[in-house]
Amino acid sequence: VVSSTTIVALYAASGQLEAAKLVFDTMAQRNIVSCNTMVAAYAAGGHVSDAERIFHTVMPLHDSVSWTAMLTAHTEAGQLEEAKNLFDAMPAPRCVQAWNAMITAFVDNMELSSCQFLFDAMPARDLVSWNAMLAGYARSGRLGSAKRVFARMLERDTVSWNTVIAAFADSGHGQDAMLMFLRMLVDGLVPNQITYTSVLAACCSWDESRSHFSSMVGDHGVGAVRAHYSCVIGVLASTGELGKAWELIEFMPFVPD
RNA sequence: AUUUUCGGA
């Protein structure tokens, strides 16, 4: 059961929902973990009714992972009301992950006041709760509130930093994004592919882009993806260096998008 | 072995 479940999870993680389903359907036995894995797989693919079928008719018992996975299925499908109902129907005590999933459901629907209410009401908050709240304010463009949340965080990880850096970069505050990036490095956090998507977009010259690009690959071992090239091309376009931009498009090891 | 937070799809 364990090895089959692992295979289901691996297929799901690589987006091969059909293969995951095939393995799950042909398993000799299933337990709560394998069912949870399949519910999560359907959730990620936006297949709510299939997730519900497993949740309601295949599984005899539910644990907190089952409930949280099902809640996420509704969120992914844009069903906020159903997500709320499921959250209310969950047996207490609800795990922190369920609270976090519910906060995310409100974030996806831009209901920031409900997010804040849940965040304040939950019995205990972890780093993910803080990051979810931060992402809510960042995504809705409420930079002031985002900064306030960030400042109040006692612990920050790469996700937290990525969220604020992206918030600044996306709102045209490139300088602030770069400053936050430097603070991130000073704090000893490890930048990843997502960090650099914002950092490269926040650059304002070819020299700056080039220096961050080589530091990305050389110092931090982050592989360049097409999005990184797109950011640099965007910088070149914004500075009017169209010749260089075209040259980079031809030079980059990706099909242009 | 499974669920919650950041970019992209």
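None of the values given here were measured: they were computed from a predicted structure. By convention in this document, chain letters (A, B, ...) are assigned in the order of the sequence lines, proteins followed by strands, and residues within each chain are numbered from 1.
- Summarising the geometry, the separation between CH2 on A/Trp67 and P on B/rU2 is reported as 22 Å, rounded to the nearest angstrom.
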Side chain to side chain contact (heavy atoms under 4.5 Å, CB included) assessment of A/Ser129 paired with A/Val96: CA-CA 8 Å; A/Ser129 324; A/Val96 65; 4.0 Å; yes
Review item, nucleotides 6-9 of chain B N/O atoms under 3.5 Å of protein N/O:
from	atom 1	to	atom 2	distance (Å)
B/rC6	OP1	A/Arg139	NH2	2.6
B/rC6	O4'	A/Thr163	OG1	3.4
B/rC6	O2	A/Asn162	ND2	2.8

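- With hydrogens and angles left out, the side-chain atoms of A/Glu81 and A/Asn85 include no donor and acceptor closer than 3.5 Å.
- Contacts between residues 73-96 of chain A and RNA chain B, defined by a heavy-atom separation below 4.0 Å, involve no residue at all.
- Taking the six-membered ring for Trp, A/Phe150 and A/Trp130 have ring centres at least 6.0 Å apart.
- Partners of A/Asp63 under the salt bridge (Lys or Arg N to Asp or Glu O under 4.0 Å) rule, at least two apart in sequence or in another chain, do not exist in this structure.
- The pair A/Asp108-A/Arg139 counts as a salt bridge, with a side-chain nitrogen and a carboxylate oxygen less than 4.0 angstrom apart.
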Can you give me every donor-acceptor pair (side chain of residues 69-78 of chain A, partner residue at least two apart or in another chain, under 3.5 Å) with its distance?
from	atom 1	to	atom 2	distance (Å)
A/Thr72	OG1	A/Thr68	O	3.0
A/His74	ND1	A/Gln79	OE1	2.6
A/Thr75	OG1	A/Leu71	O	3.1

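- Within a 6.0 Å radius of CZ in A/Phe117, no more than 12 heavy atoms belonging to other residues, nucleotides or ligands are found.
- Near RNA chain B, defined here as any heavy-atom distance below 4.0 Å, the residues from residues 31-42 of chain A are A/Asn31, A/Val33, A/Asn36, A/Thr37, A/Ala40, listed numerically.
- Between A/Trp67 and A/Phe55, the ring planes lie perpendicular to each other; the angle is over 60°, past the 30° to 60° tilted range.
- At whole-Å resolution of the value, CD1 in A/Ile103 and C1' in B/rU5 are 10 Å apart.
- Residue pairs meeting the ring-ring contact (aromatic ring centres under 6.0 Å, His included) criterion with at least one member in residues 2-24 of chain A, sequence neighbours excluded, do not occur.
- The CE atom of A/Met59 sits 13 Å away from the P atom of B/rU3 (whole-angstrom rounding).
- Residue contacts for A/Thr5: at a heavy-atom cut-off of 4.0 Å it reaches a base atom on one of the strands shown.
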